[in-house]
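Notes follow once the structure below has been shown.
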Amino acid sequence: LTNQDWVPCPYTFILGENITLNVPALFYYAGGAQINGTVVAGAYYQRYANSKLTINEPGSMKVTTETFIVRYMDADPNAGIYIIGDNNDETIGLEASVIYFYQGMINAKNADIKVGTYWQTNESDNHQGSANLVLDNSNMTVTVNEHNMKATANSTVTLTNGSNVTVAGGYQGVGVSIDATSSMTMAKSIFVSKINNYHYTSLQEALNAAQDGETIKLIADEIFTEDNRTNSSGTWYEGVYYVGDKNFTIDLNNYKVTQNGAVNDYMFLFKNDGGKDNTITFKNGTIDAGINAYCAICTSTTSTQKITINT
């Protein structure tokens, strides 16, 4: 089909095996589609909560030149894209140059995904609902190293049963849940901390996610730079700045927190703005504030919290 820019698919459809649908752009917005053949599109746009696209082995979808977008799934968190494979590494179930994923689900089982740039967020158009990427015994490759793989607020990334994500650049965003059989490797960033199975590329992200009674554990050294420092006000820069009333422990796990001169205020600044007192505990490691920072750990004068350091 080449006679129009966008080919709309408003209802349920099934593409059989050994059939190829080649379109300039595909717009899918309702029903439950089953892809058992091959879809090749210049661009793809999926929207609305009752749209569910399933790509079944040996089926595949390739978006060749422009953006792959999934959005407006806020009424149904299970709407979205499902890729069901058979552990055949020769078949890439979903391939796209760019994926913008706003709400709903991208769920791969026994399948492979290849994407140039991947951006997952629901921070768009004032729509509610989360964006959830789930890989079950599946592989995902993000190939463009100039851009990070991003998964921002109100979204989740979960890797289970031997899944692997390989990122040519770096990762920014929410904690990634990685079970003991799975992995995620990145060329330009590393996970430095975790809470249970959730892995974070910065202590700040882990602090933002911490709940009462949880332990943040370092799994690598953290070095504060201009790229990962935080800012509480004006030209004053901290390593991390936490505002909240949760009780938690930071287990440095024999690793070291340092800076390269980018921090000119406090390495750790804590402020309690909640309705209860809280206690934050540090243990098992080293904090080196260097010569530029005022001090290593500071609690705001308006706070009702206690800092405990266990050596």
Could you check whether any side-chain N or O of [X] sits under 3.5 Å from a backbone N or O of [Y], counting only pairs where one atom can act as donor and the other as acceptor?
{"X": "Ser182", "Y": "Gly162", "result": "yes"}
{"X": "Asn132", "Y": "Val134", "result": "no"}
{"X": "Gln120", "Y": "Thr156", "result": "yes"}
{"X": "Glu238", "Y": "Ser232", "result": "yes"}
{"X": "Ser163", "Y": "Leu135", "result": "yes"}
{"X": "Asn278", "Y": "Lys246", "result": "yes"}

Ignoring hydrogens, what is the shortest heavy-atom contact between [X] and [Y]? Give both atom names and the distance.
{"X": "Ala111", "Y": "Ile83", "value": "CB-CG2, 3.6 Å"}
{"X": "Val174", "Y": "Ser155", "value": "CG2-O, 3.4 Å"}
{"X": "Tyr102", "Y": "Ala131", "value": "O-CB, 3.4 Å"}
{"X": "Ile113", "Y": "Ala108", "value": "CD1-CB, 4.0 Å"}
{"X": "Thr143", "Y": "Ala168", "value": "O-CB, 3.3 Å"}
{"X": "Leu203", "Y": "Leu218", "value": "CD2-CD1, 3.6 Å"}

Pairwise side-chain contact, [X] with [Y], heavy-atom cut-off 4.5 Å (strictly under):
{"X": "Leu133", "Y": "Met149", "value": "yes"}
{"X": "Thr281", "Y": "Ile250", "value": "no"}
{"X": "Glu17", "Y": "Pro58", "value": "yes"}
{"X": "Asn36", "Y": "Ile14", "value": "yes"}
{"X": "Gln46", "Y": "Leu53", "value": "yes"}
{"X": "Lys271", "Y": "Thr299", "value": "no"}
{"X": "Tyr237", "Y": "Tyr266", "value": "no"}

* Passing option when Thr249 is tested against Thr215, Thr279, Ile280 for side-chain contact (heavy atoms from CB on, under 4.5 Å) ->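 Among Thr215, Thr279, Ile280, the one that satisfies the side-chain contact (heavy atoms from CB on, under 4.5 Å) with Thr249 is Thr215.
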Between [X] and [Y], does any side-chain donor sit less than 3.5 Å from a side-chain acceptor?
{"X": "Thr54", "Y": "Asn56", "value": "no"}
{"X": "Asp112", "Y": "Asn139", "value": "yes"}
{"X": "Asn292", "Y": "Asn264", "value": "no"}
{"X": "Asn110", "Y": "Asn137", "value": "yes"}
{"X": "Asp251", "Y": "Asn284", "value": "yes"}

* Asked: Any chance CD1 of Ile307 has more than 12 other-residue heavy atoms, nucleotides or ligands included, within less than 6.0 Å?
  ->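 Yes, the 6.0 Å shell around CD1 holds more than 12 heavy atoms from other groups.
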* Over 12 non-hydrogen atoms of neighbours within 6.0 angstrom of CD1 in Ile19 ->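 Result for CD1/Ile19: enclosed.
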* Got a second to check how far Ser202's OG is from Leu207's CG, nearest 0.5 Å? ->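 It comes to 8.5 Å.
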* To do: Find the distance between OG (Ser138) and CG (Leu94) and round it off to the nearest 0.5 Å.
  =>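 Atom-to-atom, Ser138:OG and Leu94:CG are 11.5 Å apart.
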* Return the orientation label for the Phe270 and Phe268 ring planes: parallel under 30°, perpendicular over 60°, tilted otherwise. =>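 Rings of Phe270 and Phe268: parallel, under 30°.
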* Honestly curious: do Leu252 and Leu269 fall in one hydrophobic cluster under the side-chain, below-4.5 Å linking rule? ->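 Unlinked, Leu252 and Leu269 end up in two clusters.
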* Indicate, with yes or no, if Ile106 and Tyr44 share a hydrophobic cluster defined by side-chain heavy-atom contacts under 4.5 Å among Ile, Leu, Val, Met, Phe, Trp and Tyr. =>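 In one cluster with Tyr44: Ile106, yes.
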* So Phe282 and Phe248, ring pair (Phe, Tyr, Trp, His ring centres under 6.0 Å) or not? Walk me through it. -> CA-CA 9 Å; Phe282 284 84; Phe248 55 83; 8.5 Å; no
* **Within the 6.0 Å centroid threshold, strictly below: Tyr171 and Tyr118** =>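 No, they do not, as the ring centres are separated by 6.0 Å or more.
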* Report yes if the distance between the aromatic ring centroids of Trp236 and Tyr241 is under 6.0 Å, otherwise no. =>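 Ring centres of Tyr241 and Trp236 not closer than 6.0 Å.
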* **Pairs satisfying ring pair (Phe, Tyr, Trp, His ring centres under 6.0 Å), at least one member in residues 204-230, at least two apart** =>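 Counting only pairs at least two positions apart or across chains, no ring pair (Phe, Tyr, Trp, His ring centres under 6.0 Å) contact touches residues 204-230.
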* Asked: Does anything in residues 187-212 pair up under ring pair (Phe, Tyr, Trp, His ring centres under 6.0 Å), and if so which pairs, sequence neighbours excluded?
  ->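 Checked against ring pair (Phe, Tyr, Trp, His ring centres under 6.0 Å) - neighbours excluded - the pairs reaching residues 187-212 are Phe191-His199.
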* To do: Keeping to residues at least two apart or across chains, list the salt bridge (charged side-chain N to carboxylate O under 4.0 Å, His left out) pairs with something in residues 198-226.
  =>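 Checked against salt bridge (charged side-chain N to carboxylate O under 4.0 Å, His left out) - neighbours excluded - the pairs reaching residues 198-226 are Asp212-Lys276.
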* Asked: Given Asn164 and Ser183, is the side chain to side chain donor-acceptor pair (under 3.5 Å) satisfied, shown in steps?
  -> CA-CA 5 Å; Asn164 178 67; Ser183 63; 2.6 Å; yes
